[in-house]
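One structure below.
Quick caveat, the model's predicted, so the values are computed rather than measured. Only this structure's heavy atoms are used, side chains among them; waters, hydrogens and symmetry mates stay out. Every chain is numbered from 1 and lettered A, B, ... according to where its sequence line falls, protein lines coming before strand lines.
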There are 2 protein chains.
Amino acid sequence: MDHRSRIVLAATELLEASPNGDISTRGVGEKAGVQQPVIYRLFGDKDGLLSAVVDHGFGEYLAAKRAAVPTSDPVADLRRGWEEHTRFALEHPNLYRLMYTPGLASAPRSVGEAHELLRSVLERVARAGRLAIEPDRAAEIVISANSGVALALLTRPELHRSVELSTHVREIVLAGILTPEPDGGTPPEPPAVPQAANTLAALLRSAPPESFSPAERELLAEWLTRLAHGPKP
Amino acid sequence: MDHRSRIVLAATELLEASPNGDISTRGVGEKAGVQQPVIYRLFGDKDGLLSAVVDHGFGEYLAAKRAAVPTSDPVADLRRGWEEHTRFALEHPNLYRLMYTPGLASAPRSVGEAHELLRSVLERVARAGRLAIEPDRAAEIVISANSGVALALLTRPELHRSVELSTHVREIVLAGILTPEPDGGTPPEPPAVPQAANTLAALLRSAPPESFSPAERELLAEWLTRLAHGPKP
DNA sequence: GATCCATGTTAGCGACGATAACAGGTCATG
DNA sequence: CATGACCTGTTATCGTCGCTAACATGGATC
C-alpha cells in the first residue's frame, strides 16, 4: 500500500480513538511504520495531515451521499441529508470537530463539497417551487443550524445525544425556508392543546397553586408536560 | 493586585491576541510577572486556567446582560439576547470557541449560567402565553441554533461576518417556537392561571387526549376546573 | 523559639512540531 | 557507461510545550 494511504489510515484510526481529539505525528509515524519526517515531506505540516484525514473520512461519507441522492422528492432528500449529517457528527466526533470548528488553517476541501451538495439539493427544492428564499442563503441557514445542533450534542452530553433535538430543529428550520406544503384542502390548524398546556404549566411553575398538595402538583406538571409534547407519544 | 487576577488578565489578553486561539503557560507567566509553576499551584492545570479565563470574560458579559434584562416584553428580551450572544462571539472569537466547542474537559461554569439565564427568559415568554413548546426544549433549540450561527460566522470568513444571517436564523427559530403574535389593537393581556386552565379544559373536552385513561382525564378535568375557579378553594 | 503550612523558585523530565544534514535510489542526459 | 539532478527516506537535533519534583522563604500558630 502507498505510504500516503498508510499514514492517512493510521492517523484516522488514532484520531477516532483519541480521547482529547488530537493526535501526534510521532504516533502516526509509528503506527504507519514510517519515520516522522516522511509525514512532513508528504503533507507539509500537521495541518496538512489533518486536512487529508478529514478529506478521506468525510469523502467516503460524501460519496455514499452523492450516490443515493436522486429521489423524486427533493424535500425528502433534504430531510435525509440533515439526519445523515447529524449521525455522521455523532459517529465521528473528532473528525467532525476538525471540520466545523474554527482552528484549522486551511478549511478542508470536503467542507466546501458538502456545502455544494447541499446547495444543489436546495436548487432542486427551489425548482419544485417549495423554497421560499434563495438557495444560497438557505444553504447557509441549514448548515449553520445543523452544525450547531450537532456540535451542541457533542459538547453537552447531558442532552444524552438525543436525535429528537436534531429533528425538532430540522422541522423548525424547514418550516422557515420552505413554502407551505401543497397538500389538498384546508391547511391543518396547528393543535392548540400543547400551547395551552404549556402556558398553564409555566404559570403554575411561577405561582404554585396552594389548593394542591405537592404530590398533586407534581402529577399535574407531568400531565401538562405530556400534553405539551403533542398527541403522538 | 492579586496574583490570580494578574494571571487571568494576562491570559485573557494573550488569548484575545492569539492567532491560533491558543496560549502557553510560560507566556502567561512572563506577561503576568509570575513564575510558571505558580499557575499550576493556583489553577491546577492549563484547563483550569482556561476555565478561569472563560469565567472571567463571559462573566462580565453575563453580568451586563443580567442587569439589563427585565423588560416588560420578554420576546424582545429574547431577541436582544440572541443578538448580544452573536456579537459576543464575533468580538471574542477565541474565548467563544473555548466555550461552545468540545475539547475543554470541565465545561466552564459560565456556560451553565448562560443557559439558565436563557431559560428564565423563556419562562417569562411562556407565562406571557407566547411560547408554543416547553421552555427547556426551547432553550436547547435556541442555544443550538444561535451557537451554530456564531461558530459558522467564525469558521467561514467568506460569510463576511454578516449579522444578517444571524437575525435571519433568529426569526426562523422564533417563528418555530413562539405562538403567533396577538397583533391587533388590544394590548397582549397576559393570561392568568384561571383563564389558561379554562382554555385548556375547553380544548381537552373537544378533543380528549388518547394518551390519558378515562380516570386520568376525569381527574385532570376536575383539577382544571379547580384552577379555573381561582385561588380560593 | 520551634513547627507547620502556604507560597514561590530553580531545575528538569518527557513529549511535541518541525527542520537541517545526509544517504540511497532512479532516471534522463552527456 | 558515467554523471549529475532529483525524489525519497533516515538520523539527529532544535526550541517549545505542559507539568512536576525538590528546595527555599515567610508568616502565623502553639
Side-chain angles (χ1 to χ4, degrees), chain A residues 1-57 94-95 97-99 101-108, chain B residues 1-57 94-95 97-99 101-108:
Chain A
M1 189 190 291
D2 196 352
H3 262 180
R4 188 183 174 93
S5 311
R6 289 228 312 277
I7 292 175
V8 170
L9 195 66
T12 300
E13 293 177 8
L14 286 177
L15 183 67
E16 306 240 324
S18 164
N20 63 351
D22 199 16
I23 58 177
S24 77
T25 59
R26 281 177 165 83
V28 172
E30 187 175 357
K31 188 177 182 85
V34 160
Q35 296 287 5
Q36 190 204 10
V38 176
I39 298 176
Y40 288 86
R41 199 178 284 281
L42 290 178
F43 301 94
D45 58 356
K46 190 181 176 179
D47 265 20
L49 170 62
L50 291 178
S51 274
V53 169
V54 168
D55 281 341
H56 172 76
N94 291 334
L95 216 68
R97 227 188 28 186
L98 284 179
M99 299 173 52
T101 256
L104 221 58
S106 66
Chain B
M1 187 190 292
D2 196 351
H3 263 179
R4 187 184 175 93
S5 311
R6 288 229 312 277
I7 292 175
V8 170
L9 195 67
T12 301
E13 292 176 8
L14 285 177
L15 184 67
E16 305 241 323
S18 163
N20 62 353
D22 199 16
I23 57 176
S24 79
T25 59
R26 280 177 167 84
V28 171
E30 187 175 357
K31 188 176 184 88
V34 159
Q35 295 288 3
Q36 191 203 12
V38 176
I39 299 176
Y40 288 86
R41 199 178 284 283
L42 289 178
F43 300 93
D45 59 356
K46 189 180 177 181
D47 265 19
L49 170 61
L50 290 178
S51 275
V53 169
V54 167
D55 280 341
H56 172 75
N94 291 335
L95 215 69
R97 226 187 29 182
L98 284 181
M99 298 172 52
T101 255
L104 222 59
S106 64

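- The separation between A:Lys46 atom NZ and C:dC16 atom C1' is 8 Å, rounded to whole Å.
- Closest-nucleotide positions on DNA chain D for B:Arg26 and A:Gly33 were compared, and the one nearer the 5' end corresponds to A:Gly33.
- Phosphate contact (OP1/OP2 of C:dT10, side-chain N/O of B:Gln35, threshold under 4.0 Å): present.
- Distance, A:Glu30 CD to C:dG17 P: 13 Å, rounded to whole Å.
- Straight-line distance from the CG atom of B:Asp22 to the P atom of D:dT16: 16 Å, rounded to whole Å.
- Whole-Å rounding puts the A:Asn20 CG to C:dA15 P distance at 15 Å.
- Comparing C:dG17, D:dT20, D:dT11 by their nearest atom to the side chain of B:Pro37 picks out D:dT20.
- Across the protein-nucleic acid pair, A:Tyr40 atom OH and C:dA20 atom P stand 13 Å apart, rounded to whole Å.
- Counting heavy atoms from C-beta outward, B:Val38 and B:Leu42 have side chains that approach closer than 4.5 Å.
- Residue contacts for A:Ile39: at a heavy-atom cut-off of 4.0 Å it reaches no nucleic acid atom on any strand shown.
- Comparing A:Arg41 and A:Ser24 by the nucleotide of DNA chain C that holds the closest heavy atom to each, the one mapping nearer the 5' end is A:Ser24.
- As judged by a 4.0 angstrom heavy-atom cut-off over every strand, B:Ile23 is placed among residues touching the sugar-phosphate backbone only.
- Atom pair B:Arg4:CZ and C:dT7:C1' shows a separation of 15 Å (rounding to whole Å applied).
- Side-chain atoms of A:Val34 and A:His3, non-hydrogen and from C-beta on, do get closer than 4.5 Å to each other.
- Residues A:Leu50 and A:Phe43 have side chains not in contact (no heavy-atom distance under 4.5 Å, counting atoms from C-beta outward).
- Look at A:Lys46 and A:Asp22 and you find a salt bridge, because one of the NZ, NE, NH1 or NH2 atoms lies within 4.0 Å of a carboxylate O, short of that distance.
- The side chain of B:Asp45 lies closest to D:dC19, out of C:dA18, C:dG8, D:dC19.
- Distance check, rounded to the nearest 0.5 Å: CE of A:Met99 to OG1 of A:Thr101 gives 11.0 Å.
- The interatomic distance linking A:Asp2 (CG) with D:dG9 (P) rounds to 9 Å, in whole Å.
- Contact check, B:His3 against C:dT7: no side-chain N or O comes under 4.0 Å of OP1 or OP2.
- What separates CD of B:Gln36 from C1' of C:dT9 is a distance of 12 Å, to the nearest Å.
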